[in-house]
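Model, not experiment: these values are computed from the prediction. Side-chain atoms are counted along with the backbone in the values below, which use heavy atoms only and exclude waters and symmetry mates.
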Amino acid sequence: PLPTYQKLRHVLDSKLTEYTESNPMMDLVLFEQAMLHVSRICRIIQNPGGHAMLVGVGGSGKQSLCRLAAYINDFQVKQLPISSTFRVEELKEELKGLYTSTGVKGNRIVFLLTDSHIADEEFLVHINAIVTSGWIADLFSKEEVDGILGS
């Protein structure tokens with residue numbers, strides 16, 4: 001824990017500078033509430049299976065704060081491709097890749113999903129399954145599960 005907002009601001013400003021050296025420029029103003037949100041997101045994603053729903057007006061910095069928190073904790077950020085032709089089967093394939101990457105390979109990933117990624121309402125059924133139980137019942141076939149467990 002950092003004892004003052006000034007120290008927290010210093011740490012977050014330095015991490016933001018580091019982030020922008022290797023990633024696209026993030027024009028982020030770290031006011032007190034933003035610093036608290038980054039701290040909360042960091043605490044959430046440090047917990048195994050940690051997840052959060054960030055709700056707010058578009059353009060208010062939710063994605064930027066999430067990306068900064070992921071960077072601070074050495075997580076990769078993964079998003080779905082935005083396309084009107086992206087369907088449920090493609091979502092399931094993307095989720096298979098994420099589950100394999102995190103569960104089998106041990107990669108640390110933040111799955112960042114926005115309302116613009118929801119091309120089909122059925123997506124929400126699968127996202128709800130992830131949030132509530134961490135598992136999508138029909139995601140992997142029995143043969144795929146056997147192959148994963150054997151590796």
**Prompt:** Okay, side chain of T100, backbone of G97: is any donor-acceptor separation there less than 3.5 Å?
**Reply:** no
**Item:** pair I41-L54: side-chain heavy atoms closer than 4.5 Å
**Value:** yes
**Item:** Spatial distance of atom CZ (R40) from atom SG (C42) [nearest 0.5 Å]
**Value:** 12.0 Å
**Prompt:** Do L80 and F111 have side-chain heavy atoms sitting under 4.5 Å apart?
**Reply:** yes
**Prompt:** Looking only at heavy atoms, which two atoms of K96 and L139 are closest? And how far apart?
**Reply:** CE-O, 2.7 Å
**Request:** Could you check if a side-chain atom of L98 sits within less than 4.5 angstrom of a side-chain atom of E94, using non-hydrogen atoms only?
**Result:** no
**Side chains of D120 and L91 in contact at under 4.5 Å (non-hydrogen atoms)** = no
**Message:** Between E93 and E90, is there a side-chain heavy-atom distance shorter than 4.5 Å?
**Reply:** no
**Item:** H126 (side chain) donor-acceptor with F123 (main chain) under 3.5 angstrom
**Value:** no
**Message:** Looking at every heavy atom in both Y99 and G134, which two are closest together, and how far apart are they?
**Reply:** OH-O, 2.7 Å
**Item:** Straight-line distance of R43 CZ to N73 CG, nearest 0.5 Å
**Value:** 11.5 Å
**Request:** Dump the intermediate steps for salt bridge (Lys or Arg N to Asp or Glu O under 4.0 Å) on E32 and R9, then the final yes or no.
**Result:** CA-CA 8 Å; E32 187 174 314; R9 180 181 311 279; over 6 Å; no
**Asked** If you look at every heavy atom in T85 and S83, which pair is closest and at what distance?
**Response** OG1-OG, 2.7 Å
**Message:** Distance check, rounded to the nearest 0.5 Å: M35 atom CE versus L65 atom CG?
**Reply:** 11.5 Å
**Request:** Using the rule that two of Ile, Leu, Val, Met, Phe, Trp, Tyr join whenever any of their side-chain heavy atoms come within less than 4.5 Å, decide whether V145 and L95 are in one cluster.
**Result:** yes
**Message:** Count I, L, V, M, F, W, Y as connected when their side-chain heavy atoms are under 4.5 Å apart, and connections chain through other members. Are V125 and I127 then in the same cluster?
**Reply:** no
**Message:** Tell me if the CG atom of N47 is crowded by more than 12 foreign heavy atoms within 6.0 Å.
**Reply:** yes
**Asked** How about S101 and N107: does a side-chain donor come under 3.5 Å of a side-chain acceptor?
**Response** yes
**Request:** Go through L113 and Q79 one step at a time and tell me if the side-chain contact (heavy atoms from CB on, under 4.5 Å) criterion holds.
**Result:** CA-CA 6 Å; L113 183 72; Q79 285 188 283; over 6 Å; no
**Criterion side-chain contact (heavy atoms from CB on, under 4.5 Å) on Q76 and V110, from CA distance to verdict** = CA-CA 6 Å; Q76 297 175 12; V110 167; over 6 Å; no
**Common cluster, I130/I44, ILVMFWY with side-chain heavy-atom separation under 4.5 Å** = no
**Asked** Mind checking whether I45 and R108 have side chains closer than 4.5 Å, heavy atoms only?
**Response** no
**Prompt:** What is the minimum heavy-atom distance between S116 and T114, and which atoms define it?
**Reply:** OG-OG1, 2.8 Å
**Prompt:** Mind checking whether V77 and I118 sit in one hydrophobic cluster, side chains of I, L, V, M, F, W, Y counted as touching below 4.5 Å?
**Reply:** no
**Short side-chain to backbone donor-acceptor contact, K62 and G56, under 3.5 Å** = yes
**Request:** Any chance you could measure S141, atom OG, to D146, atom CG, to the nearest 0.5 Å?
**Result:** 8.5 Å
**Asked** How many angstroms lie between atom CG of L16 and atom OH of Y71, to the nearest 0.5 angstrom?
**Response** 10.0 Å
**Prompt:** Do the non-hydrogen side-chain atoms of K78 and L112 ever get within less than 4.5 Å of each other?
**Reply:** no
**Asked** Taking NZ, NE, NH1 and NH2 as the nitrogens, is one of them in R87 or E122 under 4.0 Å from a carboxylate oxygen of the other?
**Response** no
**Item:** Common cluster, F31/Y19, ILVMFWY with side-chain heavy-atom separation under 4.5 Å
**Value:** no
**Prompt:** Which value, rounded to the nearest 0.5 Å, describes the distance between L8 atom CG and L30 atom CG?
**Reply:** 8.5 Å
**Request:** Take atom CG of D138 as the centre, draw a 6.0 Å sphere, and report whether it contains more than 12 heavy atoms from other residues, nucleotides or ligands.
**Result:** yes
**Prompt:** Does any non-hydrogen side-chain atom of Y5 lie less than 4.5 Å from one of L36?
**Reply:** yes
